[in-house]
Amino acid sequence: MRSLVAFSLATLLSGAAVAEQVNVYSYRQPDLIRPLTDAFTKSTGIDVKVVFLKKGLLERLQAEGDRTPADLILTTDISRLAELVRAGVTKTVTSEILTANIPAEMRDPAGHWFGLTARARVIYASTERVGDGEVTTYEALADPKWRDRICTRSGAHAYNLALTSAMIVHHGTDKTRDWLNGLKANLARRPQGNDRAQVKAIWAGECDIAIGNTYYMAAMLAKPEQRPWADAVGIVFPRFSNGGTHMNISGMAMTRSGPNAANALKLMEFLASAEGQKIYAEIVAEYPALEGVAASDLVAGWGGFERDTIGLIDIAEQRAAAVRLVEETGFDN
């Protein structure tokens, strides 16, 4: 059955490598990015076929090997992009447009992946129980004053692993271990759920502050039943004590063996263009990579902040160490 499904999917996507087509494996749902793909098709005449793969994207590419119908990958988090490169399923892309439009700190030096938008890992704080300026740094989350007052998702989740990896880059392994132990001691409950679930817990009075990505505020405001959760918190942009606010990315990579590489490059360059950046950033409620493209009014309304300057490559290189620390500290237990 699995072979039949894989064959059917490959047949649907590849169309025998139909000209003027590009096939995308996406961590983003097709309906979400349809305004973007429609704009590209209108501009170029190239049809975009999208397959949504929330899980198992890398495994699918490895199983398909050189027969993959996928030309381009859209995913989130630097660790996932780095994992794709390590697995050998991507290839180097050379493009003056991509080099000019995507900042150096948001792209792979070897050209395997390119960031498209950025999101901040922030603190959601109760508007009733947390005062302005009470928490300003990530390090302060380990302060005993927050005992039994913090909620977060699993420490082993990619978003928290990236934050822990950044802490390692800033402070080293030993101090990060101490930080994780302090943070764990301050948790109001065992790590569980997604970032929105933490904000809901603040609304319910289970905790006072939570760690989450910025775009979840937009997601909650878009759902009437979740708006009360959003209204119960404010966004705080914490800093590292020796840096800025932790950032991660959504990004893209060209597959090693896709049948429509030329069209994939055109789509990548469109995504990096002013038009593509504006559409994509507004769709996902994140910050555009291209300088000069403004964030949406909603995103800009969350306030200004200083971005951390450590490299995404440096964060990705510390992921294994971050995983070990989460396990050593029993953070999720």
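All residue numbers in this chain count up from 1 along the given sequence.
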Do any N or O atoms from the side chain of [X] and from the backbone of [Y] form a donor-acceptor pair under 3.5 angstrom?
{"X": "Thr136", "Y": "Gly133", "result": "no"}
{"X": "Asp47", "Y": "Gln21", "result": "no"}
{"X": "Thr329", "Y": "Val326", "result": "yes"}
{"X": "Asn23", "Y": "Pro69", "result": "yes"}
{"X": "Asn248", "Y": "Ala120", "result": "no"}
{"X": "Glu20", "Y": "Gly45", "result": "no"}
{"X": "Ser26", "Y": "Gln29", "result": "no"}
{"X": "Asn260", "Y": "Asp71", "result": "no"}

Are [Y] and [X] connected in a single hydrophobic cluster, I mean Ile/Leu/Val/Met/Phe/Trp/Tyr linked by side-chain heavy atoms less than 4.5 Å apart?
{"X": "Leu187", "Y": "Val233", "value": "no"}
{"X": "Phe237", "Y": "Val199", "value": "yes"}
{"X": "Leu183", "Y": "Ile202", "value": "no"}
{"X": "Leu98", "Y": "Leu72", "value": "yes"}

Once rounded to the nearest 0.5 Å, what's the spacing between atom [atom1] of [X] and atom [atom2] of [Y]?
{"X": "Arg319", "Y": "Ser79", "atom1": "CZ", "atom2": "OG", "answer": "4.0 Å"}
{"X": "Ser273", "Y": "Ile97", "atom1": "OG", "atom2": "CD1", "answer": "8.5 Å"}
{"X": "Ile102", "Y": "Met268", "atom1": "CD1", "atom2": "CE", "answer": "9.0 Å"}

Exercise for the section: Would you please classify the geometry between the Tyr138 ring and the Phe240 ring as parallel, tilted or perpendicular, with 30° and 60° separating the classes? Expected result: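 If you compare the ring of Phe240 with that of Tyr138, the planes turn out tilted.
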
Heavy atoms, side chains only, cut-off 4.5 Å: are [X] and [Y] in contact?
{"X": "Leu298", "Y": "Leu221", "answer": "yes"}
{"X": "Leu53", "Y": "Tyr27", "answer": "no"}
{"X": "Thr117", "Y": "Tyr215", "answer": "no"}
{"X": "Leu325", "Y": "Ile168", "answer": "yes"}
{"X": "Ile73", "Y": "Leu61", "answer": "yes"}
{"X": "Ile249", "Y": "Leu116", "answer": "no"}
{"X": "Met254", "Y": "Phe114", "answer": "no"}
{"X": "Asp308", "Y": "Arg239", "answer": "no"}

Note: [X]-[Y] ion pair, threshold 4.0 Å (strictly below):
{"X": "Arg190", "Y": "Asp332", "answer": "no"}
{"X": "Lys175", "Y": "Asp178", "answer": "no"}
{"X": "Asp77", "Y": "Arg80", "answer": "no"}

For the [atom1] atom on [X], are there more than 12 heavy atoms of other groups (residues, nucleotides or ligands in this structure) within a distance under 6.0 Å?
{"X": "Lys278", "atom1": "NZ", "result": "no"}
{"X": "Lys184", "atom1": "NZ", "result": "yes"}
{"X": "Gln192", "atom1": "CD", "result": "yes"}

Exercise for the section: Hey, could you give me each pair passing side chain to side chain donor-acceptor pair (under 3.5 Å) that has a residue in residues 103-114? Not counting sequence neighbours. Expected result: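 For residues 103-114, and leaving out neighbouring residues, the side chain to side chain donor-acceptor pair (under 3.5 Å) pairs sorted by first residue read Thr90-His112, Thr92-His112.
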
Practice task
Scan residues 217-237 for pairs that pass side chain to side chain donor-acceptor pair (under 3.5 Å), counting only residues two or more places apart or in two chains.
Solution key: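 Pairs touching residues 217-237 that pass the test: Arg196-Gln226.
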
Problem - Test log, rule side-chain hydrogen bond (donor to acceptor under 3.5 Å, both in side chains), inputs Tyr25 and Glu64 - result: CA-CA 12 Å; Tyr25 280 2; Glu64 292 170 342; 2.6 Å; yes

Problem - Heavy-atom pair of closest approach, residues Ile235 and Tyr124 - result: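 Closest approach of Ile235 to Tyr124, heavy atoms only: CG1-CE2, 3.6 Å.
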
Less than 3.5 Å apart, any donor N or O on the side chain of [X] or [Y] sitting next to an acceptor on the other?
{"X": "Asn213", "Y": "Arg121", "answer": "yes"}
{"X": "Asn160", "Y": "Thr152", "answer": "yes"}
{"X": "Arg189", "Y": "Gln198", "answer": "yes"}
{"X": "Ser250", "Y": "Glu286", "answer": "yes"}

Handout entry: side chain to side chain contact (heavy atoms under 4.5 Å, CB included) partners of Ala39, counting only residues at least two apart
Key =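 Ala39 satisfies side chain to side chain contact (heavy atoms under 4.5 Å, CB included) with Phe270, Glu275, Ile279 once adjacent residues are dropped.
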
Problem - side-chain contact (heavy atoms from CB on, under 4.5 Å) evaluation trace for Leu163 with Met167 - result: CA-CA 6 Å; Leu163 177 60; Met167 188 70 72; 5.6 Å; no

Practice task
Take Thr245 and Glu306, measure what side-chain hydrogen bond (donor to acceptor under 3.5 Å, both in side chains) needs, and give me the verdict at the end.
Solution key: CA-CA 6 Å; Thr245 297; Glu306 180 183 348; over 6 Å; no

Practice task
Can you run down the salt bridge (Lys or Arg N to Asp or Glu O under 4.0 Å) pairs that involve residues 136-148, sequence neighbours left out, and say none if there aren't any?
Solution key: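 Those involving residues 136-148 are Glu134-Lys145.
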
Problem - Qualifying residues under ring pair (Phe, Tyr, Trp, His ring centres under 6.0 Å), relative to Tyr159, sequence neighbours excluded - result: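 Residues passing ring pair (Phe, Tyr, Trp, His ring centres under 6.0 Å) with Tyr159: His157.
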
Practice task
Just grab all the disulfide bond (SG atoms under 2.5 Å apart) pairs involving residues 91-154, residues at least two apart or on different chains.
Solution key: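 Residue pairs with at least one partner in residues 91-154: Cys151-Cys207.
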
